[in-house]
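For reference, the structure is listed below as structure tokens.
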Amino acid sequence: MGVLGAIAKNLDTIIGPGLLLLYPLYASMRAIESPSALDDQQWLTYWVIYSFITLFELSCWKVLAWIPIWPYTKLLFCIWLVLPIFNGAAYIYENVVRKYVKLGMDMTSSNYTAGQKKVLQMMSLDARKSVERFISQHGEDAFERVVKAAEKEARRY
């Protein structure tokens with residue numbers, strides 16, 4: 001069999017941890033620090049789906065031990081989830097997870113208007129905390145005035 005055969009036989013254990021854990025960990029940390037919420041969604045959905053896969057594996061390990069192609073199937077599926085060119089995590093989340101798992105909760109306080117919630121959801125965690133602190137100190141009317149002034153300024157350009 002030789003070296004190539006041994007590599008092919010253990011491909012999932014050679015590249016799996018780096019591609020399925022280290023790269024998503026690095027990308028998740030970068031997403032947390034970026035101002036965009038889109039990359040946060042990609043990596044949060046990846047971790048949700050990866051958690052479902054891990055729970056499935058832990059629950060069915062006796063059966064999966066008898067399926068020799070399971071590690072390679074998992075590796076290919078997770079590569080599809082991880083690589084941004086495929087956007088697999090977002091696809092699975094939108095078409096499967098979101099349909100069957102209803103959390104029924106809003107991540108922002110129900111005291112905010114729809115426009116305020118939209119603005120808060122587009123911000124980074126640090127910016128969101130600053131806005132919420134501003135609202136608690138100066139009131140919602142002051143926040144509305146700031147948002148309207150920003151919209152007016154944005155239309156100018």
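The model shown is predicted, which means the values in this text are computed figures rather than measured ones.
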Single-linkage hydrophobic cluster L76~W70, side-chain heavy atoms < 4.5 angstrom
no
Once the angle between the rings of Y50 and W47 is folded into 0 to 90°, is it parallel (under 30°), tilted (30 to 60°) or perpendicular (over 60°)?
perpendicular
Rounded to the nearest 0.5 angstrom, the CG-CD1 distance for L58 and I53 is 12.0 Å
Enclosure of Y91 OH (heavy-atom neighbours >12, cutoff 6.0 Å)
no
Rounded to the nearest 0.5 Å, what's the gap from CG on L83 to CG on L19? Could you check?
6.0 Å
CD1 (I67) with more than 12 external heavy atoms under 6.0 Å:
yes
Atom CG in L64, atom CD1 in I69: separation rounded to 0.5 Å?
11.0 Å
Nearest heavy-atom pair of P24 and G18: which atoms, and what distance?
CD-O, 4.4 Å
Considering only heavy atoms from C-beta outward, does the side chain of W80 approach that of I92 to under 4.5 Å?
yes
Answer with yes or no whether the hydrophobic clustering places Y46 together with I85; edges join I, L, V, M, F, W, Y residues whose side-chain heavy atoms lie under 4.5 Å apart.
yes
Same cluster or not: are V82 and L44 linked, directly or through other Ile, Leu, Val, Met, Phe, Trp or Tyr residues, by side-chain heavy atoms under 4.5 angstrom apart?
no
Tell me whether the centres of the aromatic rings in Y23 and W43 are closer together than 6.0 Å.
yes
To check you understand the geometry: which heavy-atom pair defines the closest contact between A90 and T45, and what is its length?
N-OG1, 4.0 Å
Looking at CZ of R145 and CD of E140, how far apart are the two atoms once the value is rounded to the nearest 0.5 Å?
12.0 Å
